[in-house]
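Each chain gets a letter, A, B and so on, in the order the sequences are listed, and its residues count up from 1.
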Amino acid sequence: MQLLPGFRDFFPDDCARRNYILEMWRAVARRYGFVEYDGPVLEPMALYEKKSGGEIVGQLFDFTDKGARHVAMRPEMTPTLARMVAARERDFKKPLKWFCVPQFFRYEKQQRGRLREFYQLNCDIIGEASSAADAEMIAVLIDMLRGVGLGEKDFVVRLSSRTAWQEFFAQAGGKSEDEYEFFQIVDKAERNPPEKTDAALAKFSLTAQQVLDFMRSKTATAELAPILADLTARGLGGFVEIDYAIVRGLAYYTGVVFEVFDRSKNERALAGGGRYDKLLSLMSDGKVDLPALGFGMGDVVLANLIDDTPAAKAQLDAWLARERAADVYVVIAKEERRAEALGVVQQLREAGHRTDFPLTAAKVGKQFRTAEQLGARLTVLIGDEWPQVKVKTLATREEVLVDAGEVLAFLQRKS
RNA sequence: GUGGCCGUAGCUCAAUGGUAGAGUCCCAGAUUGUGAUUCUGGUUGUUGCGGGUUCGAGUCCCGUCGGUCACCCCA
């Protein structure tokens with residue numbers, strides 16, 4: 001049987017690599033004072049239709065359940081988060097700093113950096129309108145990437161704002177109801193040929209040249225300047241660049257938006273996010289009106305970039321080696337001593353040593369080879385010497401005879 | 001959703017239209033209780049699947065499934 005397209009088996013090594021990223025995300029988020037939440041993997045289809053109309057429906061894993069409910073595997077977290085916050089918003093002190101590491105499902109054709117199933121870190125700050133929240137959000141994002149060994153040479157946060165484009169559009173005489181259409185044109189202006197952009201902009205009496213000129217101006221607006229100052233004060237200024245080419249595709253973004261790219265631009269965006277100050281009100285039919293911002297970062301592109309960045313790869317490999325290494329391998333040299341060996345194994349395990357041993361009789365040479373392959377630091381050989389055992393440090397090949405009752409204490413001294 | 005390229009052993013890959021192979025991995029062994037290397041032996045395939053052309057198809061053609069890259073989209 002083949003896998004479904006875009007889905008992954010996680011063999012132990014794959015699973016360890018995934019956990020490396022997920023554990024780092026959680027560690028950094030907590031370090032920044034974010035708390036973890038989660039929601040259902042399956043949601044009513046209506047939850048996603050409410051926010052975005054119907055166009056994303058084609059990219060959902062949706063079906064009718066046995067109770068005739070139209071349901072969808074979650075493709076994103078924001079609607080769930082909005083529902084949760086709207087339901088119990090008054091229980092929590094503002095601002096909320098929440099994160100989540102959900103698995104998402106999107107029915108799209110897979111390609112590099114995009115599968116039909118993936119993990120995505122979501123960080124959100126809700127109930128804080130000041131630019132300090134934007135800076136905090138970008139800072140945690142930067143440290144997520146630094147946490148896996150990526151540096152200023154490897155990635156850059158491209159910071160922009162829809163507010164800046166709103167002002168640009170308004171000054172050119174544009175109406176606010178046309179804003180979203182205008183944003184879409186801007187979003188594509190770098191990729192499309194100028195003639196095409198000119199044609200699209202004609203109805204607004206604008207030209208591609210005007211848009212591109214503004215896009216390439218690197219001056220921070222009054223909205224963005226304090227964010228840059230905040231990040232610079234943290235020593236993180238070098239990770240951020242103003243880039244008005246970033247507008248993001250979604251309709252609900254209201255102000256600051258940002259995306260993270262690898263410097264070589266070999267990969268898709270590593271992360272993206274921004275302010276969505278009106279969304280909670282929209283999702284809760286006006287019951288809850290709180291400013292909010294957040295970002296998402298997927299595991300697939302990040303894993304690709306780690307693999308392609310030597311320093312990050314080395315850090316990952318070192319972590320993997322530690323992660324899978326056994327601590328002690330108990331060698332049963334005389335099968336008649338298996339009962340005694342089992343006692344020692346149990347004792348070691350109860351003391352917290354990661355311990356393994358041969359389940360069936362095997363030659364001593366083979367057992368040492370297995371110990372080596374498992375990455376064990378020590379072997380405890382049990383045989384004719386009983387009630388003494390031989391403790392060997394594999395790296396140095398040094399071997400010591402120890403009373404069986406003293407093994408634990410001996411290992412304690414060795415570590 | 002559209003298009004290009006690709007699909008052979010668990011993995012990496014060979015094989016002019018003419019008997020499906022190598023390396024690696026794994027397993028066993030090479031003086032009774034000590035790890036690398038080395039040596040010997042062994043397991044593994046409806047050549048993704050289904051049709052067609054041909055005396056003969058891994059190879060050519062069509063379809064299909066899967067992979068990959070680009071476009072689209074990107075929550």
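Taking a pair as Watson-Crick or G-U wobble with both distances under 3.5 Å, RNA chain B forms stems of 3 or more consecutive pairs at B:1-7 with B:65-71, B:10-13 with B:21-24, B:26-30 with B:38-42, B:48-52 with B:60-64.
Within 4.0 Å of A:Gly294, counting heavy atoms only, lies no atom of the nucleic acid at all. Within the 4.0 angstrom heavy-atom criterion, base atoms lie near A:Lys109. Looking at heavy-atom distances under 4.0 Å, A:Glu108 makes contact with a base.
Salt bridge annotation for A:Glu23-A:Arg26: absent, with no cationic side-chain nitrogen under 4.0 angstrom from a carboxylate oxygen.
Checking B:G66, B:U34, B:A75 against the side-chain heavy atoms of A:Phe368 singles out B:U34 as nearest. When each of B:A70, B:G33, B:A75 is scored by its nearest atom to the side-chain atoms of A:Val364, the top-ranked nucleotide is B:G33. Nearest to the side-chain atoms of A:Tyr252 among the listed nucleotides B:A75, B:G66, B:A70 stands B:A75. Closest to the A:Leu381 side chain, of the nucleotides B:C73, B:U34, B:C72, is B:U34.
A donor-acceptor contact under 3.5 Å links the side chain of A:Arg114 to the base of B:C73. A donor N or O paired with an acceptor N or O is found under 3.5 Å between the base of B:U34 and the side-chain atoms of A:Glu399. You'll find a donor-acceptor pair under 3.5 Å spanning the side chain of A:Arg268 and the base of B:C74, going by distance alone. Between the base of B:G33 and the side chain of A:Glu385 there is a donor-acceptor pair shorter than 3.5 Å. The base of B:A75 does not come close enough to the side chain of A:Gln120 for any donor and acceptor atom to sit less than 3.5 Å apart. Interface remark: the A:Lys392 side chain does not form any donor-acceptor pair with the B:G33 base, using a distance-only criterion of under 3.5 Å. You won't find any donor-acceptor pair under 3.5 Å spanning the side chain of A:Lys363 and the base of B:G33, going by distance alone.
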What's touching nucleotides 37-41 of chain B from the protein side, N or O pairs under 3.5 Å?
none

If you look only at distance, which donor and acceptor atoms sit under 3.5 Å apart when one is on a side chain in residues 395-407 of chain A and the other is two or more places apart or in another chain?
residue	atom	partner	partner atom	Å
A:Thr396	OG1	A:Glu398	N	3.3
A:Asp403	OD1	A:Gln388	NE2	3.1

Under 3.5 Å donor-acceptor pairs involving side-chain atoms of residues 81-88 of chain A, not counting sequence neighbours:
residue	atom	partner	partner atom	Å
A:Arg83	NH1	A:Glu43	OE1	2.7
A:Arg83	NH1	A:Glu43	OE2	3.4
A:Arg83	NH2	A:Glu43	OE2	3.0
A:Arg88	NE	A:Asp91	OD2	2.7
A:Arg88	NH2	A:Asp91	OD2	3.4

Could you pull out every donor-acceptor pair under 3.5 Å between side chains of residues 282-301 of chain A and any protein atom, sequence neighbours left out?
residue	atom	partner	partner atom	Å
A:Ser284	OG	A:Leu280	O	2.8
A:Ser284	OG	A:Lys287	N	3.4
A:Ser284	OG	A:Val288	N	3.0
A:Ser284	OG	A:Val288	O	3.3
A:Asp285	OD1	A:Lys50	NZ	3.4
A:Asp285	OD2	A:Lys50	NZ	3.3
A:Asp299	OD1	A:Tyr119	N	2.8
A:Asp299	OD2	A:Arg8	NH1	3.1
A:Asp299	OD2	A:Arg8	NH2	3.2

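With sequence neighbours left out, A:Phe239 forms a ring-ring contact (aromatic ring centres under 6.0 Å, His included) with A:Phe155. Shown here are the ring-ring contact (aromatic ring centres under 6.0 Å, His included) partners of A:Tyr253, two or more places apart in sequence or in another chain: there are none. For the side chain to side chain donor-acceptor pair (under 3.5 Å) test, no residue two or more places apart in sequence or in another chain qualifies with A:Tyr37. Scored by the ring-ring contact (aromatic ring centres under 6.0 Å, His included) test, A:Tyr276 finds A:Tyr252 as partners (sequence neighbours excluded).
Taking the centre of each ring, A:Phe7 and A:Phe61 come in below the 6.0 Å mark.
A gap of 34 Å separates the P atoms of B:G58 and B:A70, to the nearest Å.
Under the 3.5 Å distance criterion, the side-chain polar atoms of A:Lys94 are matched with a main-chain donor or acceptor of A:Phe92.
For the pair A:Glu259 CD and B:A75 C1', the interatomic distance rounds to 12 Å; values are reported in whole Å. Nucleotide B:A75 holds its P atom 19 Å from the CD atom of A:Gln103, rounded to whole Å. Protein atom CG of A:Asp13 is 15 Å distant from nucleotide atom C1' of B:G10, rounded to whole Å. Distance, A:Leu115 CG to B:A75 P: 16 Å, rounded to whole Å.
In this model, the phosphate group of B:G67 is approached by a side-chain N or O of A:Gln110 to a distance below 4.0 Å at OP1 or OP2.
Remark on RNA chain B: of its neighbouring residues A:Arg191 and A:Gly6, the 5'-side contact belongs to A:Gly6, judged by nearest-heavy-atom nucleotide.
The salt bridge (Lys or Arg N to Asp or Glu O under 4.0 Å) test with A:Asp308 is passed by exactly one of A:Lys313, A:Arg263, A:Arg112: A:Arg112.
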